[in-house]
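Side chains are part of it too, since the values below use all heavy atoms of this structure and drop only hydrogens, waters and symmetry mates.
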Amino acid sequence: MDDEAEVRRVAADLDAIDTQGFPRSFRHLAVIQRVSVAVTLKQSEDALRHLDELDREDLPLFDLPVRHFLRASASLGMERWDEAAQAAQRYLSLLGEDAEAYSLLGLAQAGQEDLDAALASFDKGIDDEPLLPDNYAAIAYTAMDTALLAERLQRAPDHEVLDGIAQWLVDSEDQEGLNALLSAAARSQPSWDIRPWTAKAAELRAGRDADSTK
């Protein structure tokens with residue numbers, strides 16, 4: 001859901017439900033849904049609190065593996081790099097190759113300042129799903145070398161993926177990453193129209209400059 005107000009209404013509705021009489025599996029699913037909403041709203045601390053409550057029930061290994069994916073996402077929001085990496089690795093060990101999970105793992109490894117491991121994770125994510133923008137964008141976001149990013153962009157199947165990468169960076173308000181993307185794309189994807197994104201980069205720079213003068 002893109003409408004934040006609607007997401008907040010969903011969160012309020014979920015909080016109002018009394019799940020005590022529900023079967024155990026239903027109660028767990030309700031918690032997972034609430035955590036998903038918290039992650040969407042970037043309420044990482046709230047998401048982790050709900051996940052900790054769920055984990056205290058000592059769930060079987062293969063019960064709701066998505067909880068590990070959500071923990072990785074929320075832990076990244078709190079810059080709890082070790083916890084994020086462990087959760088992403090646990091999710092991958094249970095479900096196998098997953099491009100989104102590799103993106104989370106790579107971001108956690110970058111937070112741990114292990115850029116070689118991060119790049120390896122992003123590469124695995126690109127191999128698993130070259131149409132997903134996240135892993136390309138994460139390379140730009142983590143300040144990898146522009147030449148490395150240009151090499152990876154050669155694997156992007158179409159310009160829609162490049163637009164998705166740029167939007168990911170805009171949503172993250174990462175002007176430097178967006179500039180790195182535009183520079184790398186000029187080398188490896190010269191037919192991509194970068195003009196709209198150059199304008200977005202200028203907007204991000206202007207916003208940052210305005211904030212610095214307050």
Side-chain angles (χ1 to χ4, degrees), residues 1-3 7 36 39-40 42 65-66 68-77 84-85 87-112 114-205:
M1 288 177 285
D2 295 328
D3 186 339
V7 177
S36 298
V39 169
T40 299
K42 297 183 180 180
V66 70
H68 303 304
F69 184 96
L70 293 169
R71 181 175 291 280
S73 297
S75 297
L76 283 175
Q89 287 169 332
R90 190 170 296 119
Y91 181 82
L92 287 162
S93 70
L94 292 172
L95 296 183
E97 303 292 297
D98 183 277
E100 291 183 271
Y102 277 126
S103 174
L104 297 179
L105 176 58
L107 289 169
Q109 291 166 328
Q112 294 171 318
D114 190 347
L115 294 183
D116 288 339
L119 184 60
S121 294
F122 298 143
D123 279 339
K124 288 178 181 178
I126 292 171
D127 288 341
D128 182 61
E129 182 47 85
L131 286 169
L132 184 74
D134 298 41
N135 287 287
Y136 306 98
I139 294 174
Y141 183 81
T142 52
M144 298 289 186
D145 186 86
T146 302
L148 290 174
L149 179 56
E151 181 181 339
R152 270 64 183 179
L153 291 181
Q154 292 177 353
R155 297 155 67 181
D158 55 46
H159 290 175
E160 287 187 14
V161 177
L162 299 172
D163 286 331
I165 300 167
Q167 189 61 59
W168 192 102
L169 294 164
V170 169
D171 292 342
S172 301
E173 299 184 352
D174 183 9
Q175 181 220 332
E176 292 181 359
L178 183 56
N179 286 337
L181 170 65
L182 299 178
S183 177
R187 301 187 195 183
S188 59
Q189 296 277 2
S191 63
W192 180 43
D193 183 5
I194 67 172
R195 289 173 295 180
W197 302 109
T198 301
K200 289 288 188 182
E203 290 175 13
L204 289 174
R205 182 174 62 251

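- The two residues Tyr141 and Ser172 come nearest to each other via the heavy atoms CE1-CB, 4.0 Å.
- Between Ala88 and Ala101, the closest heavy-atom pair is CB-O, 4.0 Å.
- Once rounded to the nearest 0.5 Å, the distance linking OG1 of Thr198 with CG of Leu178 reads 7.5 Å.
- Contact record, Pro130 with Val161: O-CG1, 3.9 Å, taken as the closest heavy-atom pair.
- For Glu176, the CD atom counts as loosely surrounded, since its 6.0 Å shell holds 12 or fewer non-hydrogen atoms of other residues, nucleotides or ligands.
- The distance from atom OG of Ser191 to atom CG of Leu162, rounded to the nearest 0.5 Å, is 8.5 Å.
- Ile139 is listed as a side-chain neighbour of Ile126, based on a closest heavy-atom distance under 4.5 Å.
- For the 3.5 Å distance criterion, the side chains of Gln167 and Asp171 qualify, holding a donor opposite an acceptor.
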With side-chain contact (heavy atoms from CB on, under 4.5 Å) as the criterion, how do Asp174 and Leu204 come out once you've worked through the C-alpha distance, each side chain's angles and the decisive distance to 0.1 Å? CA-CA 8 Å; Asp174 183 9; Leu204 289 174; over 6 Å; no

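- A distance of 10.5 Å separates CG of Leu148 from CG of Leu115, quoted to the nearest 0.5 Å.
- Using a 4.5 Å heavy-atom threshold, the side chains of Asp127 and Arg155 count as touching.
- Nearest heavy-atom pair across Ala85 and Ala108 is N-CB, 3.5 Å.
- Annotation: side chain of Leu181 is not in contact with side chain of Tyr136 (no heavy-atom distance under 4.5 Å).
- Side chain of Ser103 to backbone of Ala99: no donor-acceptor contact under 3.5 angstrom is found.
- If you take OG on Ser121 and CG on Asp116, they are separated by 11.0 Å, rounding to the nearest 0.5 Å.
- For the atom pair CG (Leu104) and CZ (Arg71), the distance works out to 13.5 Å, reported to the nearest 0.5 Å.
- The two residues Leu169 and Ala137 have their closest heavy-atom pair at CD2-O, 3.7 Å.
- By the 4.5 Å heavy-atom criterion applied to side chains, Leu95 and His68 are not counted as neighbours.
- Every residue was checked against the salt bridge (Lys or Arg N to Asp or Glu O under 4.0 Å) condition with Asp134, not counting sequence neighbours, and none meets it.
- Proximity of Arg152 to Phe122: side-chain heavy atoms (C-beta onward) are nowhere separated by under 4.5 Å.
- Taking CD from Gln109 and CG from Asp114, the interatomic distance works out to 6.0 Å, rounded to the nearest 0.5 Å.
- The shortest side-chain heavy-atom distance between Trp192 and Leu153 does not fall under the 4.5 Å cut-off.
- Annotation for Arg195 and Asp193: closest pair NE-OD1, 2.9 Å, computed over non-hydrogen atoms.
- A donor and an acceptor atom, one from each side chain of Trp197 and Asp163, are located under 3.5 Å apart.
- Summarising the local packing, CD of Gln112 is surrounded by more than 12 heavy atoms from other residues, nucleotides or ligands at distances under 6.0 Å.
- A donor-acceptor pair is defined here as one N or O able to donate and one able to accept, closer than 3.5 Å; no such pair exists between the side chain of Ser183 and the backbone of Ala180.
- No side-chain heavy atom of Leu105 sits under 4.5 Å from any side-chain heavy atom of Tyr91.
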